[in-house]
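Throughout, a chain's letter reflects where its sequence line sits, starting with A, and its residues are numbered from 1.
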Protein chains: 2
Amino acid sequence: MSKTPIWKSIALRLTSDIAEERYQTGDRLPTEAQLAATYGVNRHTVRRALADMSEQGLVHARRGAGVFVATRPTDYPIGKRVRYHKNISASGKIPGKKILALTTRAADAAEAEALGLSKGDTVHVYDGLSLADGQPIGLFQSVFPAERFPDLLQTLTDTQSVTKALQACGIADYVRVSTRVTARGATATQALHLQLPEGAPVLFSVGVNADPDGNPVEYGRTVFAGERVTLTLNEG
Amino acid sequence: MSKTPIWKSIALRLTSDIAEERYQTGDRLPTEAQLAATYGVNRHTVRRALADMSEQGLVHARRGAGVFVATRPTDYPIGKRVRYHKNISASGKIPGKKILALTTRAADAAEAEALGLSKGDTVHVYDGLSLADGQPIGLFQSVFPAERFPDLLQTLTDTQSVTKALQACGIADYVRVSTRVTARGATATQALHLQLPEGAPVLFSVGVNADPDGNPVEYGRTVFAGERVTLTLNEG
DNA sequence: GGCTAATATTTGTCTAGTTGTATAGTTCAT
DNA sequence: ATGAACTATACAACTAGACAAATATTAGCC
């Protein structure tokens, strides 16, 4: 899918550097060799990018001296994205949720280990979609030990809130004990729910919440739409 | 008779060559033309084999350079104290850094705000590549206030270590005050550095480190290769 | 200080090699 | 007939290395 040539993306990057005044008019750019090292490409590829910018009159090269900024691009799009910022420290406190499924089934190996159960123990599973301004931002699955919270599904149905449902089951507070995050490409079904093209970058987050005594109460997996969500990691 | 296609047998042969360490991670394979000659087939048939192996993540091709043997994922903990060297060592891999560029320039708007400066104030910028066992896992850019740390670039050049360089400038300890993470598709240049296909999912992380008094000392942006890194968010 | 000569940098150009992609044709089994 | 596997050829994009030409920097000398 490599559609844009490397030299072009380098030219774009340098152009934006100039547009955002990291290099000012008259400044000398790093040498071709330095740029090549910085971008990890051959000098010729850098030269191709500079040639393109030179044709647009953005820069001007002097043999033996260097490459200099001529003018600042006039119509450079300074795109600001609107993103939804979610704090990872308090999972399950997202406004706007849509229940996709509430089921009770046997735990798989990963779930059992995370919750301190044996494989095959029954768990409640809450599949849902997180929304912000009506837009889907995350697809999550929360898994709870069924034996400990027999009535959880009822309260979940009513409130849609994990926090309140757990409160109703006697868990006044809970904290996140572990979180793992990585980037992946969206599968077909994930893409569908999150209204993304298949393969679009998503944040895949796996975490465990525990009560104050350290007993795990929830094992959650969430797939966030990368282009709509920024996770804000708590600072202790 | 052989019902398996030629390309598949070639892929198998090359795969076992890698498994038996006749080619080691990071090594360059013979050129497609050479492989085609030795196996007595057309270059396209070899390419078919290599494409298959590439999909399995076994090898990675760089246009104009060659085909290289690829490698496996790493854990990267993020918490109050983010120290690259310790992080990678803890996961049993050999950490490494490659300086891509050390520059001093004017701060753009985002950098100025994060560091508590005015736009246009001078900053030191450290562009680099993080390696684990020699494989690129992250592309980072660290920005420091130049006025406060005039001699930072020198120490950075010597040690390559942010921690030590800051120590030399009188910052005995620093703490991460904010981290934001999102998922994106790799740009062409990022993909190049991280040896990924363009558009491959990457973790984009933005963070600020501050000294014990709460003054920001570093504004860092990192792009992690999604398939090679999982961020582990540890409390405390 | 000011000049020149030597040396190091930096851009410009050239040749060659390698992977990516597109098009067209051949062989062969079902 | 049709499609899959393979061959053949050509070109684009990028890498690699070398060398020349213009400029910048430095050292020595007056």
Q: Between A:Val46 and A:Gly64, just flag the one whose closest nucleotide in DNA chain D comes earlier from the 5' side.
A: A:Val46

Q) More 5' along DNA chain D: A:Phe68 or B:Lys8, using each one's nearest nucleotide? A) B:Lys8

Q.
Tell me whether A:Arg47 is salt-bridged to A:Glu32, with the criterion being a basic N under 4.0 Å from an acidic carboxylate O.
A. yes

Q | Residues A:Glu20 and A:Arg72 bridged, charged N to O under 4.0 Å | A | no

Q) With respect to the side chain of B:Arg48, which nucleotide from D:dA5, C:dG20, C:dG12 is positioned closest? A) D:dA5

Q. The side chain of B:Ala65 lies closest to which of these nucleotides: D:dA16, D:dC6, C:dG20?
A. D:dA16

Q. Is it true that the side chains of B:Thr179 and B:Arg176 contain a donor and an acceptor less than 3.5 Å apart?
A. yes

Tell me the interatomic distance from [X], atom [atom1], to [N], atom [atom2], rounded to whole angstroms.
| X | N | atom1 | atom2 | result |
| --- | --- | --- | --- | --- |
| B:Arg63 | D:dA16 | CZ | P | 14 Å |
| A:Ile6 | C:dT18 | CD1 | P | 18 Å |
| B:Leu50 | C:dT18 | CG | P | 14 Å |

Q: Please state whether the phosphate of D:dA13, meaning OP1 or OP2, lies under 4.0 angstrom from any side-chain nitrogen or oxygen of A:Trp7.
A: no

Q. Are OP1 or OP2 of C:dG12 and a side-chain N or O of A:Arg47 less than 4.0 angstrom apart?
A. yes

Q.
Over all strands shown, is A:Arg62 touching base, sugar-phosphate only, or nothing at heavy-atom distances under 4.0 angstrom?
A. sugar-phosphate

Q) For the side chain of B:Glu55 and the backbone of B:Asp52, is there at least one donor-acceptor N/O pair under 3.5 Å apart? A) no

Q. Which pairs with one or both residues in residues 128-157 of chain B pass ring-ring contact (aromatic ring centres under 6.0 Å, His included), sequence neighbours excluded?
A. B:Tyr126-B:Phe140

Q) Which residues in residues 27-44 of chain B have at least one heavy atom lying under 4.0 Å from any atom of DNA chain C? A) B:Thr31, B:Glu32, B:Arg43, B:His44

Q | B:Leu14 CG to B:Trp7 CH2 distance, which is reported to the nearest 0.5 Å | A | 12.5 Å

